[in-house]
A.B. asks: 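Got a structure here, written out as structure tokens. Questions coming.
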Amino acid sequence: MANRDAAPFLTLKGVSKSFPGVKALQDVSIELYPGEIHALMGENGAGKSTLLKIMFGAYVADHGSLELEGKHAILGSPAHALAQGISMVHQEVSLVPQLSAIQNIVLGREQSVAGIIDWKAARTEALAALRRLDFPASPYVPVGRLSVAQQQLVELARALAVDAKVIILDEPTASLSSRESDRLFEILRDLRGAGHALVYVSHRLAEVFDLADRATVLRDGQLVGTVLRGPDLTEKTLIRMMVGRGLDDFANLPTRQPGEVILEVKDLTRQGAFQDVSFDVRRGEIVGMAGMVGAGRTEVARCIVSADKADAGTVRAKGSDLPLRSPSDSVKAGIAFLTEDRKHQGLALHMSLAINATLARTPSRFGFINRRRQRQDARESLARVSARMPVTRLAGQLSGGNQQKVVLAKWLLTDSEIFIFDEPTRGIDVGAKAEIYALMRELADKGAGILMISSEMPELLRMSDRILVMREGRLVGEMGRSEASEERVVSYSSGGEKTWQK
């Protein structure tokens, strides 16, 4: 737990920061004590990223002050922050993939003698930091060959090598499996026990409850408050502080009578990924698909839309067989696929919202794009998903929640009636989740059929009319809303329940 008798490592007082037309932070104060994990919470756009960048020297505050161990300080750059004992593990790993772990750890701080790098000293320093983390891989191979979890350990080792007193972690588990996340949590607790101050940013509330000694909440660039670990640190409290509303509207929804079958999958197989998968989705129905990482859920979705080739089986959409030749066939059949990797597969980040929102149906005449119509279509479709933003804005400049809305807006322009959502709320905040859920319910209420792949148990239980469970490439269970429980889903996923056969 935090040592409140000691001076805070880092103190921000009355910090404000503005950009053209935007007040990102207004009069925010926060203290980071040795020996604590301090969660920073808030919706996308609440000001978390701006505050982190001020802590790490990437931004300088317009107003307010910053103190290190009680002394006034100005951090003019990340290099200056590192020199002062503040390090950051970014959500997107910031290592040089061609260099080894050792080279990355000492990068920019190499000791030299007569202009020649002292690699013996570098190895000693880097290996000592990696040893503290029980690094499981070779420190000599290029880090590009390492797993995401191992690369994050290299980032942490870099922080330890500079003897960082404050370590900032931005969504560190976003790309990790449950087992990798558990190992990371053990390491973070060890670092807390060794006296480091850790700033932890995550959209996953369960992680905050598991790790945090305190949670500070921002909303619209302002400090809402700080909650200590204990009975007040609850899901309802944090959600109310973050967005002023909860997700309870999506709990205990009545079971609706679904319509006709709109999507039918029969004996679908892709060698090495999954086999003999059969299920259907009806109009007005949200069918959740659960399973552990590697169970084959995404692979099934990709074969349905012909992003990958199936080796056997059939797919019928609205009563007609799909040829399973290319994604364009599924688009013509009215199937929308919202991929789990929206940044690389769902959007063109360097292009405008006008282009992104019309990628699946670009207005043209005589082979030429009608730019005026394109902008108008984009505005109308974005308005349908409550994303009223300039269509000239680049997709890469948006928050995760708004990026997901743009992907959905793209598919709404195609008049799709079958929607496959793969991890629809991964990496987005609670407020944006509520909006995505409302949009999904609206689509189902209008007669669309939805297949929702999700690793979030509360999401599956809140949203699904039925839940399918996959394990090791096979469909092993199905349950209705009234039968579904976290225990049953986990039991099927892990092999505890007897395999179901349809």
A.B. asks: Which atom names give the shortest non-hydrogen contact between Ala137 and Leu146, and what distance separates them?
C.D. replies: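 Looks like CB-CD2, 3.8 Å.
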A.B. asks: List the steps, then state whether side-chain contact (heavy atoms from CB on, under 4.5 Å) holds for Tyr140 with Arg123.
C.D. replies: CA-CA 10 Å; Tyr140 301 102; Arg123 284 193 296 271; 4.0 Å; yes
A.B. asks: Going from CD1 on Ile30 to CG on Leu12, what distance comes out if it is rounded to the nearest 0.5 angstrom?
C.D. replies: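 Going from CD1 on Ile30 over to CG on Leu12, the span is 7.5 Å.
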A.B. asks: Could you give the distance from CG (Leu198) to CD1 (Ile168), rounded to the nearest 0.5 Å?
C.D. replies: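 It comes to 10.0 Å.
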A.B. asks: Quick test of your reading of the model: are Arg192 and Glu36 salt-bridged, counting only N-O distances below 4.0 Å?
C.D. replies: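 A salt bridge is absent here (no side-chain N lies under 4.0 Å from a carboxylate O).
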A.B. asks: Between atom CG of Leu338 and atom CE of Met440, what is the distance when rounded to the nearest 0.5 Å?
C.D. replies: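 Here the rounded value is 9.0 Å.
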A.B. asks: Do Leu82 and Phe56 touch side chain to side chain, with heavy atoms closer than 4.5 Å?
C.D. replies: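 Leu82 reaches Phe56 side chain to side chain.
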A.B. asks: Quick one: do Glu456 and Thr425 satisfy side-chain hydrogen bond (donor to acceptor under 3.5 Å, both in side chains)? Show the steps, please.
C.D. replies: CA-CA 9 Å; Glu456 300 284 342; Thr425 63; 5.9 Å; no
A.B. asks: Please check if the side chain of Glu125 supplies one atom and the backbone of Ala122 the other of a donor-acceptor pair under 3.5 Å.
C.D. replies: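 Side chain of Glu125 to backbone of Ala122, a donor-acceptor pair under 3.5 Å: no, none is there.
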A.B. asks: Please determine whether a side-chain nitrogen of the Lys or Arg among Glu459 and Arg462 lies less than 4.0 Å from a carboxylate oxygen of the Asp or Glu.
C.D. replies: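 Salt bridge: no.
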A.B. asks: Can you name the residues that form a side chain to side chain donor-acceptor pair (under 3.5 Å) with Glu31, not counting sequence neighbours?
C.D. replies: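 By the side chain to side chain donor-acceptor pair (under 3.5 Å) rule, Glu31 matches Tyr33.
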A.B. asks: Under the 3.5 angstrom rule, does the side chain of His196 hit a backbone N or O of Ala164 as a donor-acceptor pair?
C.D. replies: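 Yes, the answer is positive, given that a donor and an acceptor are paired below the 3.5 Å cut-off.
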A.B. asks: Do side-chain atoms of Lys17 reach the backbone of Val60 as a donor and acceptor pair under 3.5 angstrom?
C.D. replies: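 Yes; at least one donor-acceptor contact below 3.5 Å.
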A.B. asks: Does the side chain of Phe274 reach to within under 4.5 Å of the side chain of Leu268, using non-hydrogen atoms?
C.D. replies: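 In contact.
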A.B. asks: Taking Ala24's backbone N and O only, do any of them form a donor-acceptor pair with Thr50's side chain (distance below 3.5 Å, no angle check)?
C.D. replies: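 Pair absent, no side-chain N/O of Thr50 close to backbone of Ala24.
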A.B. asks: When you measure from the side chain of Glu155 to the backbone N and O of Ser94, does any donor-acceptor pair fall under 3.5 Å?
C.D. replies: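 Such a contact is found between Glu155 side chain and Ser94 backbone.
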A.B. asks: Are the side chains of Val28 and Leu218 in contact, using a 4.5 Å heavy-atom criterion?
C.D. replies: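 Heavy-atom side-chain distance check passes, below 4.5 Å.
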A.B. asks: Can you name the nearest heavy-atom pair linking Lys405 to Val385, along with the distance?
C.D. replies: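 Taking Lys405 first and Val385 second, the nearest heavy atoms are CD-O, 3.4 Å.
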A.B. asks: Which pairs with one or both residues in residues 81-90 pass salt bridge (charged side-chain N to carboxylate O under 4.0 Å, His left out), sequence neighbours excluded?
C.D. replies: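 Sorted pair list comes back empty.
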A.B. asks: So, taking the atom named CG in Leu398 and the one named CG in Asn356, what distance separates them when rounded to the nearest 0.5 Å?
C.D. replies: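 Interatomic distance, Leu398 CG to Asn356 CG, rounded to 0.5 Å: 8.5 Å.
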A.B. asks: How many angstroms lie between atom CD1 of Ile86 and atom CD1 of Ile167, to the nearest 0.5 angstrom?
C.D. replies: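 The CD1 atom of Ile86 sits 11.5 Å away from the CD1 atom of Ile167.
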A.B. asks: Could you tell me whether a side-chain N or O of Glu207 sits under 3.5 Å from a main-chain N or O of Ser202, the two making a donor and an acceptor?
C.D. replies: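 Not a single qualifying donor-acceptor pair exists.
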A.B. asks: So do the side chains of Gln150 and Pro136 get within less than 4.5 Å of each other, counting heavy atoms only?
C.D. replies: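 In contact.
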A.B. asks: Could you grab the distance from atom CG of Leu408 to atom CD of Gln403, nearest 0.5 Å is fine?
C.D. replies: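 Interatomic distance, Leu408 CG to Gln403 CD, rounded to 0.5 Å: 14.0 Å.
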A.B. asks: Answer yes when Asp311 and Arg270 have at least one side-chain N-carboxylate O distance shorter than 4.0 Å, and no when they do not.
C.D. replies: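 No salt bridge links Asp311 with Arg270.
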A.B. asks: Using every non-hydrogen atom in the two residues, find where Ala61 and Val15 come nearest and quote the distance to one decimal.
C.D. replies: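 Closest pair (atom of Ala61, atom of Val15, distance): CB-CG1, 3.7 Å.
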A.B. asks: Is any NZ, NE, NH1 or NH2 atom of the basic residue among Asp210 and Arg229 found under 4.0 Å from an Asp or Glu carboxylate oxygen of the other?
C.D. replies: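 Arg229 and Asp210: not salt-bridged.
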A.B. asks: Only counting residues at least two apart or in another chain, list the ones meeting ring pair (Phe, Tyr, Trp, His ring centres under 6.0 Å) with Tyr59.
C.D. replies: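 Once residues adjacent in sequence are excluded, the partners of Tyr59 under the ring pair (Phe, Tyr, Trp, His ring centres under 6.0 Å) criterion are Phe19.
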A.B. asks: Any sub-3.5 Å donor-acceptor pair from Lys410's side-chain atoms to Gly346's backbone N or O?
C.D. replies: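 Yes: the side chain of Lys410 pairs with the backbone of Gly346.
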A.B. asks: In terms of side-chain heavy atoms, does Glu435 have a donor or acceptor partner in Ser386 at a distance below 3.5 Å?
C.D. replies: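 On atom types as modelled, these side chains do not qualify, holding no pair under 3.5 Å.
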A.B. asks: Run the side-chain contact (heavy atoms from CB on, under 4.5 Å) check on Leu205 and Leu238 step by step: do they pass?
C.D. replies: CA-CA 9 Å; Leu205 296 181; Leu238 289 179; 4.3 Å; yes
A.B. asks: Would you say that Leu32 contacts Pro8 through its side chain, given a criterion of any heavy-atom pair below 4.5 Å between the two side chains?
C.D. replies: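 In short, these two side chains do not touch, never coming nearer than 4.5 Å.
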A.B. asks: State, to 0.1 Å, how close Ala161 and Ala129 come at their nearest heavy-atom pair, and which atoms those are.
C.D. replies: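 Closest approach of Ala161 to Ala129, heavy atoms only: N-CB, 4.1 Å.
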A.B. asks: Would you say the side chains of Ser455 and Arg297 form a donor-acceptor pair under 3.5 Å?
C.D. replies: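 There is such a pair between these side chains.
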A.B. asks: Given Leu451 and Phe421, is the side-chain contact (heavy atoms from CB on, under 4.5 Å) satisfied, shown in steps?
C.D. replies: CA-CA 6 Å; Leu451 175 65; Phe421 287 83; over 6 Å; no
A.B. asks: Please test Tyr492 against Arg488 for side-chain hydrogen bond (donor to acceptor under 3.5 Å, both in side chains), starting from the C-alpha separation and ending with a verdict.
C.D. replies: CA-CA 6 Å; Tyr492 272 121; Arg488 287 201 71 191; 3.3 Å; yes
A.B. asks: Taking atom types as modelled, is there a side-chain donor on Ser306 or Ser330 under 3.5 Å from an acceptor on the other?
C.D. replies: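 Ser330 and Ser306 do not have a side-chain donor-acceptor pair below 3.5 Å.
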A.B. asks: To check you understand the geometry: which heavy-atom pair defines the closest contact between Leu460 and Ser454, and what is its length?
C.D. replies: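 It is CD1-O, 3.5 Å.
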A.B. asks: Which residues satisfy the side chain to side chain donor-acceptor pair (under 3.5 Å) test with His350, sequence neighbours excluded?
C.D. replies: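 With neighbours one apart ignored, the set is empty.
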A.B. asks: Going through the distances and angles, do Arg466 and Met479 end up as a side-chain contact (heavy atoms from CB on, under 4.5 Å)?
C.D. replies: CA-CA 6 Å; Arg466 282 187 292 136; Met479 61 199 79; over 6 Å; no
A.B. asks: If only atom types and distance count, is the side chain of Ser464 paired as donor or acceptor with the main-chain N or O of Ile286 below 3.5 Å?
C.D. replies: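 The answer is no, because no donor-acceptor pair under 3.5 Å joins these two groups.
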A.B. asks: Donor-acceptor pair, Arg214 side chain versus Ile37 backbone, under 3.5 Å?
C.D. replies: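 It does not hold such a pair.
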A.B. asks: Any side-chain heavy atom of Leu52 sitting closer than 4.5 Å to one from Val199?
C.D. replies: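 Yes, side chains in contact.
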A.B. asks: I want to check something: taking the side chain as every heavy atom from C-beta on, are Ile467 and Met289 in contact at a cut-off of under 4.5 Å?
C.D. replies: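 No, side chains not in contact.
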A.B. asks: Does any N or O in the side chain of Trp411 come within less than 3.5 Å of the main-chain N or O of Phe337, such that one atom is a donor and the other an acceptor?
C.D. replies: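 Checked: pair present.
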A.B. asks: Yes or no on side-chain hydrogen bond (donor to acceptor under 3.5 Å, both in side chains) for Asp422 and Thr339, after CA distance, side-chain angles and deciding distance?
C.D. replies: CA-CA 5 Å; Asp422 194 355; Thr339 172; 5.4 Å; no
A.B. asks: How about Gln345: does its CD atom have over 12 heavy atoms from other parts shown lying under 6.0 Å from it?
C.D. replies: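 Result for CD/Gln345: enclosed.
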A.B. asks: Among residues two or more places apart or on two chains, list those pairs meeting salt bridge (charged side-chain N to carboxylate O under 4.0 Å, His left out) that have a residue in residues 130-148.
C.D. replies: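 Pairs touching residues 130-148 that pass the test: Asp134-Arg183.
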A.B. asks: Looking at every non-hydrogen atom in both residues, tell me the closest pair between Ala7 and Pro34 and how far apart they are.
C.D. replies: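 Taking every non-hydrogen atom into account, O-CD, 3.7 Å.
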A.B. asks: According to the side chain to side chain donor-acceptor pair (under 3.5 Å) rule, which pairs have a member within residues 159-169, sequence neighbours left out?
C.D. replies: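 Checked against side chain to side chain donor-acceptor pair (under 3.5 Å) - neighbours excluded - the pairs reaching residues 159-169 are Glu69-Lys165.
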A.B. asks: Does any part of the side chain of Val217, heavy atoms only, come nearer than 4.5 Å to the side chain of Thr226, both counted from C-beta?
C.D. replies: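 When only atoms from C-beta onward are counted, Val217 and Thr226 do not touch, as no gap falls below 4.5 Å.
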